[in-house]
Structure formats: structure tokens, C-alpha cells
Amino acid sequence: MIIDGKKTAAELRQELKKRVAELKSTHNAVPGLTVILVGEDPASKIYVKNKEKFAKEVGMNSEVIRYPADVEEKVVLNKINELNEDKKISGILVQLPLPKHIDKRKVIETILPGKDVDGFHPMNVGNLSSGYDSSIPCTPLGCSLLLKKAEKNLSGKHAVVIGRSNLNGKPMTQLLLKENCTVTVTHSKTKDLKAECLRADIIIAAVGIPKLVKGDWVKKGAIVIDVGINKTDSGIVGDVDFDQVLKVAKAVTPVPGGVGPMTIACLLSNTVECFKKLN
Ligand code: GUN
């Protein structure tokens, strides 16, 4: 089975469009998302353009604030403080990566936790790991929703997460624990990654190494979620060797058309959730 992220994301956006319309009629207001983009990173520019497009499609207010790569850190922090106070803004996202002279940690910690649609603020990170209500990072949230398409009950499954980043690996681990999975977190220093993967009922690949996960790394009937987006001479490929893995897995996500579209749909969903809590 190929898990269709494009279709699942379109369905989620359709549902969000209805919820936004309802909020408009009951609250006479719609959620507002502001994205801050610093510099000219080509991948970031594409992501941000798509975020703006889909936010408008579901009927939200959406604004992108662009700064040159050499903008002073305090200009960005002042803008975040202004957005924190602005009642029309429900969600704030600062696109990463940021230029080196800007302290990422300071930026993330300046965003009001209730408007942190990325779920990167330590308050949200802590709440998620404690099992309390929190914003959930969009990519792992998208992965969870796709996993559920292939298997409703994840309880007791052995999940192997490849990668331990704050963006994906760590929050993904928390979400899998919430579903009662047994979780192994692997990374660049893991001794025998293939052996770890072969034990998995679920593999989440989020390392940024093209086609790392081969067909003979996957147990028959496993579910494989590919978070990778790697530019190669033969185009964009994931962290999973899709053609090989499709032959052994129960289900696998393609790249493109898997996790990518879900990330943006989940960002919109988080913005609606923030709006509801703030109002
Ligand atoms: N850059 C790549 N992915 C992300 C994300 O999920 N959020 C933010 N803020 N920046 C990113």
C-alpha cells in the first residue's frame, strides 16, 4: 500500500476549511497565521509560499514578513513581541534555518507558547513529553496521521525512529509513546542501524540521507514513513529506497506526495487549535 499524503492532506484542509467557516460565523473572526522568513534560502522560500497559499485556501488570514539575511536579531524579536500582543494573530512561525548571527533559541522562546504553531517552545516541548495538552510539531503530527491510515491501533508495536532532531525525531518519539508503541531512537552513532530497522513494525526515517533504508532493512509487513527530502542529481528523493521497500512493507509513504503535504496541513490545523484556545 502506498500511503497517499497528498490526498490525506487535501482531505484535512477540506475539513479545516469547514471549521474556519464555522468559526467565522460563530466568532466573527478567523484564525490568522504569520510566518517570518529571514534571508533567501531557496527551500524555505518554497515552503513559505506553500504555507501562505494553503492558509488562504482554507480561509485563514495569512501574512509573511520577510527580512533580509543581515537583519538585526532585535528587529525579529521586537516583531515577535508585537505579534504576541496582536489579537488578530493566532499563530506565529519563524521559518528555520535562521542566519548564524540570530540566536534560534532566543527567537523560539520569545514566541508566546499559545501562538507557537510549530510546537518548538520549551513549554510545548515539556508539555508534550509530560503527556499534557500542547502544540505538536507539524511534521511528526503529519507522520502520525499517515501512520493511522495504515494501522489504526499502534499499541505494542515496535517503532524505530531514525534521527533525533528537535524538529522530528524527538517529538515523533513522544507521539509514538503516547500511542503505546515501544520506541527505539537511532542516530548517526547507532552501531547497527540495519539490525535495528529489521526489528521494527514501524520505521520513521528522518535523517536526510538519500535512500538510506533499503528493502532488506525492512521486516515483511512493516509500515515505513519517509520524512526525507533530499535533492539529488536524479531529483528529490526520500530517506527510503521506495521501490525496494514497497515490495516488502505493508505500507510506505512516497516522496514527494507523502509527509510533505501533511506538514503544511498540520500547521493549519495547529493554527486553528491555537485560535480556539486563545478565544
Ligand atoms: N524548516 C523546516 N521545517 C520547518 C518547520 O517545521 N518549522 C519551521 N519553523 N521551520 C522549518
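FYI, the numbering just counts along the sequence from 1.
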Student: Give a yes or no on whether a salt bridge exists between Lys88 and Asp86, defined as a side-chain N under 4.0 angstrom from a carboxylate O.
Tutor: yes
Student: Answer yes or no: is there an ion pair linking Lys191 with Glu196, defined by an N-O contact shorter than 4.0 Å?
Tutor: no
Student: Tell me every residue that passes side-chain hydrogen bond (donor to acceptor under 3.5 Å, both in side chains) with Lys211, counting only those two or more places apart in sequence or in another chain.
Tutor: none
Student: Just wondering, do Pro210 and Asp239 contact through their side chains at under 4.5 Å, heavy atoms?
Tutor: no
Student: Can you tell me which residue among Val245, Val252, Val240, Ile3 is in a side-chain contact (heavy atoms from CB on, under 4.5 Å) with Asp226?
Tutor: Val240
Student: Using a strict cut-off of less than 4.0 Å between a Lys/Arg side-chain nitrogen and an Asp/Glu carboxylate oxygen, indicate whether Glu273 and Arg19 qualify as a salt bridge.
Tutor: yes
Student: Would Lys250 and Glu151 pass as an ion pair if we require N to O under 4.0 Å?
Tutor: yes
Student: Do Val272 and Lys276 come close enough that some side-chain heavy atom pair is under 4.5 Å?
Tutor: yes
Student: In the structure I gave you, are the side-chain heavy atoms of Ile225 and Val259 within less than 4.5 Å of one another anywhere?
Tutor: yes
Student: Going by heavy atoms in the side chains, are Phe120 and Asn166 under 4.5 Å from each other?
Tutor: no
Student: Decide, yes or no, whether a salt bridge links Glu57 with Lys17 under the criterion of side-chain N to carboxylate O below 4.0 Å.
Tutor: no
Student: So Tyr47 and Leu37, do their side chains get closer than 4.5 Å, heavy atoms only?
Tutor: no
Student: Would a single hydrophobic cluster contain both Leu175 and Ile204, if residues Ile, Leu, Val, Met, Phe, Trp and Tyr are joined by side-chain heavy-atom contacts under 4.5 Å?
Tutor: no
Student: Does a side-chain heavy-atom distance below 4.5 Å link Lys157 with Thr182?
Tutor: no
Student: As a quick check of understanding, evaluate side chain to side chain contact (heavy atoms under 4.5 Å, CB included) for Val35 and Leu33, giving each step before the final call.
Tutor: CA-CA 7 Å; Val35 174; Leu33 172 66; 4.2 Å; yes
Student: With heavy-atom distances below 4.5 Å as the criterion, would you say the side chains of Leu128 and Pro171 are in contact?
Tutor: yes
Student: Between Glu179 and Lys152, does any NZ, NE, NH1 or NH2 come within less than 4.0 Å of an OD or OE carboxylate oxygen?
Tutor: no
Student: Counting C-beta onward and ignoring hydrogens, is there a side-chain heavy-atom pair between Val107 and Ile102 closer than 4.5 Å?
Tutor: yes
